[in-house]
Structure formats: C-alpha cells, structure tokens
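Comments concern the structure below.
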2 protein chains.
Amino acid sequence: MKSWTSGALARNAGVNIETVRYYERRGLLPKPPRTQSGYRLFSDDAVRRLRFIKRAQQIGFSLKEVKELLGLQINPRTMCADVKRRAEVKAADIESKVRDLEAMRKALVKLAAACSGRGPATQCPILESLDHL
Amino acid sequence: MKSWTSGALARNAGVNIETVRYYERRGLLPKPPRTQSGYRLFSDDAVRRLRFIKRAQQIGFSLKEVKELLGLQINPRTMCADVKRRAEVKAADIESKVRDLEAMRKALVKLAAACSGRGPATQCPILESLDHL
DNA sequence: GTTGACTCTGTACCCAGGTACGGGGTGTAA
DNA sequence: TTACACCCCGTACCTGGGTACAGAGTCAAC
C-alpha cells in the first residue's frame, strides 16, 4: 500500500518520467492525489496499469485501444451489456490477429527449414503467408 | 502478367497513391520500370507485396520489420544460414506475441462471461491478464 | 543553510507513417 | 483540340507516441 512518486513509478516500469505525465494527460493513468507541495503520489494500482499499458503496446495495441481495454472494467457505473459486447468484439479482433500471426510464424518456420536444405525450397513462403485468410 | 500504374496499384490495395510512392522511397516496394513519359509500371508481384505489407502492419509489424521480413527470401545472393537465423528469431518473437495476445483474449472472454452473471465477478481480469508470462 | 537529487509546469522538439498540395506533363475520347 | 482524369516531382503538413528543456520549487543530508 505504499505510494510512488512519478520518478519511482517510471523507474519501476522502465519508462521515462515524461511518459508517466503524458499518460496521465491522455487519461491512461488516473490523476493521482498530490502532496501539499504538488508532488504526485501514485498507488500500487497505477504500477499495475502502467505495466499493463507497456505490455499491451508491445503486442500491438495503440494507446487508444489500450484505453478502451482499461475501460472494460466491471463497475456499477458501466452498463454490463455494453462492456460484454465490447469485450467480445476485442476478443474476436485478437483472435483474427492471432490467426495472421500464426500464419506468418509458420511461413517463417517453413522458410528456415528450406534454408537447411530440408523441405522444398519454395520461392517465397513469406509473401503467400497472409494470402488466404 | 499485366502491369499497374501507381494509381491502379493503390486502388487495388486500398491505399493512397502517395503511400505507394512513399513505400518505394522507403525501399518496401522495388523501383518499377517506367514508360517513356515516366509513368511507373508495377508488376503483379508488387501487388502481392503491397497486400502483404498492409496485412503485416495490421498485425503489428512496423515498416522496418516488414522490410526485414521481405528481406527473408531465398535467393542466391543471401547467405542461407543468416536467413535461417533471422527467420527463427522472428518466429520466436511472434510466438511470444501470440502467447500475450491469447492471455489477453482469455481475459476478455472471462470478462464477458462475468458480465452475464455467469462466473465470479472478479475485480478486473484485464489488468492481470499479462502479469504472469 | 547549502548542495544535490528530486519534483513541478509549459512548451518545443523528435521520429514513424503517412497525406496533401502546387505546378507541371500525359493520354484518350468527344 | 479541348476536356478531364490521370501521372510526375518536391515539399510541406498531420497524427501518434513520446522526449527534452527551461525555469522554478522541494526535500534530505550534511
């Protein structure tokens, strides 16, 4: 239950301190309470959010999408049916992305195998990889 | 075996004509032959490349990465062992991305289920989704 | 009570990935 | 032979996602 200054939070998550301020402005991190002198005091929850944001970005979500994902929380003020619908849409998006990535991965494995002289040296498995989805 | 003007190529792939020129500058599309008057004439291969680029972008590759993927072709001038190594690295990257996406998707499905009143309404499956990988 | 490491704000700058625009040439159909 | 849609080039501009910097205040340790 300790709290974190901007700098501590940033170091913990491996991001620049300016990025923390930027995320706050963008509404990805909630505005934290301040000390009398104006220093931000982030909670542990902010640490988890920040880590989530970075992971989600790494796997290809834009900040806008991350914000939407973070908005998908169960709370009394959210219409449940709406959250459900949005969660299902996101899940389906991810599923199709995974299919494409799998196709790409298989093409790369095939290419690597062809490089070893094993398997037929097809002209270029990469270009075809995403063709028939 | 027909050939395509910049505009036709762009329309075919659903991109802006300026994007075609941009990709040519960036080296993602090979410099095409020109008519006497200077018009570009792209081959069918360019069509396939362009489609590949857009798909690859959609699933989260940067143009730099796309260029690397396109560079992974079997041709006499490429050191085969090198291509093999790079293909394997890319394949492993994709594998870990897929794992993260799957975790996220499962969290979303769980969330949707919780929304239906089925399943325990855990506080927020989203934030935890990427925690333990 | 001064030093050094930290924080605050606002504004400016950066790179990636395009997109728009102006001024000009081309090609074809009426 | 003119109209219209297309192409060329160069350069400027835009959005997203940060990053840097200046000028000022804070706080802990010595």
Side-chain angles (χ1 to χ4, degrees), chain A residues 2-43 46-47 49-71 93 97 130, chain B residues 2-43 46-47 49-71 93 97 130:
Chain A
K2 65 182 275 201
S3 54
W4 309 68
T5 61
S6 308
L9 179 64
R11 274 191 301 279
N12 177 291
V15 305
N16 192 305
I17 186 170
E18 311 287 353
T19 304
V20 170
R21 294 206 310 119
Y22 177 66
Y23 287 172
E24 184 186 331
R25 281 204 298 288
R26 292 280 310 253
L28 288 151
L29 288 175
K31 287 194 185 303
R34 305 287 188 115
T35 65
Q36 303 83 328
S37 51
Y39 284 27
R40 289 167 179 81
L41 288 180
F42 290 99
S43 67
V47 176
R49 280 201 163 225
L50 188 47
R51 288 182 169 284
F52 175 84
I53 295 167
K54 299 318 286 184
R55 290 303 288 272
Q57 272 191 310
Q58 277 166 25
I59 59 177
F61 293 94
S62 67
L63 290 186
K64 189 159 165 270
E65 289 172 318
V66 172
K67 199 172 171 181
E68 286 165 20
L69 287 169
L70 288 170
D93 287 356
K97 208 167 189 171
L130 303 180
Chain B
K2 63 181 278 204
S3 55
W4 308 69
T5 61
S6 310
L9 179 63
R11 274 191 300 280
N12 177 290
V15 304
N16 193 304
I17 187 171
E18 311 287 354
T19 304
V20 169
R21 295 207 307 120
Y22 177 66
Y23 287 173
E24 183 185 331
R25 281 204 298 288
R26 292 281 308 254
L28 289 150
L29 288 175
K31 287 193 184 303
R34 306 285 188 114
T35 64
Q36 304 81 328
S37 51
Y39 284 27
R40 289 169 180 80
L41 289 179
F42 290 98
S43 67
V47 176
R49 280 200 160 224
L50 187 47
R51 289 182 167 283
F52 174 84
I53 295 168
K54 299 316 287 184
R55 290 302 290 271
Q57 272 191 310
Q58 278 165 26
I59 58 176
F61 293 94
S62 67
L63 289 187
K64 189 160 164 270
E65 290 172 317
V66 172
K67 198 170 171 183
E68 285 165 19
L69 287 169
L70 288 169
D93 287 355
K97 209 168 188 170
L130 303 180

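Hydrogens, waters and symmetry mates are skipped; everything else that's a heavy atom, side chains included, is used. Bear in mind the structure is a predicted one, so any value in this text is a computation, not a measurement. The sequence lines fix the lettering, A, B, ..., with proteins before strands; numbering per chain opens at 1.
When the nearest nucleotides of DNA chain D are assigned to B:R11 and A:T35 by heavy-atom distance, the more 5′-ward of the two goes with B:R11.
At whole-Å resolution of the value, NZ in A:K54 and C1' in D:dG17 are 9 Å apart. Summarising the geometry, the separation between CD on A:Q36 and C1' on C:dT7 is reported as 14 Å, rounded to the nearest angstrom. Rounded to an integer number of Å, the gap from A:Y39 OH to C:dT9 P is 11 Å. Rounded to whole Å, atom P of C:dT7 lies 11 Å from atom CZ of A:F42.
For A:Q57, a side-chain nitrogen or oxygen approaches OP1 or OP2 of D:dG18 to under 4.0 Å. The side chain of A:R40 contributes an N or O atom lying less than 4.0 Å from OP1 or OP2 of C:dC8. A sub-4.0 Å separation between OP1 or OP2 of D:dC7 and a side-chain N or O of B:S37 is absent. Contact annotation: B:S6 side-chain N/O to D:dC7 OP1/OP2 distance is not under 4.0 Å.
At least one donor-acceptor pair closer than 3.5 Å links the side chain of A:K67 to the backbone N or O of A:R26.
Between A:R11 and A:W4 the shortest side-chain heavy-atom distance does not fall below 4.5 Å. Considering only heavy atoms from C-beta on, A:V15 stays 4.5 Å or farther from A:L9 through its side chain. Residues B:Y22 and B:L28 are not in side-chain contact: their nearest non-hydrogen atoms beyond the backbone lie 4.5 Å or more apart.
Note that CG of B:L41 and OG1 of B:T5 are 8.0 Å apart. Values are rounded to the nearest 0.5 Å. Here the CD atom belonging to B:E24 is positioned 12.0 Å from the CG atom belonging to B:L50, to the nearest 0.5 angstrom.
Across all strands, B:K67 comes closer than 4.0 Å to no nucleic acid atom at all (heavy-atom distances). At a threshold of 4.0 angstrom between heavy atoms, the contacts of B:R34 are confined to the sugar-phosphate backbone, with no base atom among them.
Checked against salt bridge (Lys or Arg N to Asp or Glu O under 4.0 Å), B:R49 has no partners two or more places apart in sequence or in another chain.
Using a 4.0 Å cutoff on non-hydrogen atoms, the parts of residues 16-32 of chain A near DNA chain D are A:N16, A:E18, A:T19, A:Y22, A:Y23, A:R26, ordered by number.
Listed candidates were C:dG25, C:dG17, D:dG18. Nearest to the side chain of B:S62 is C:dG17.
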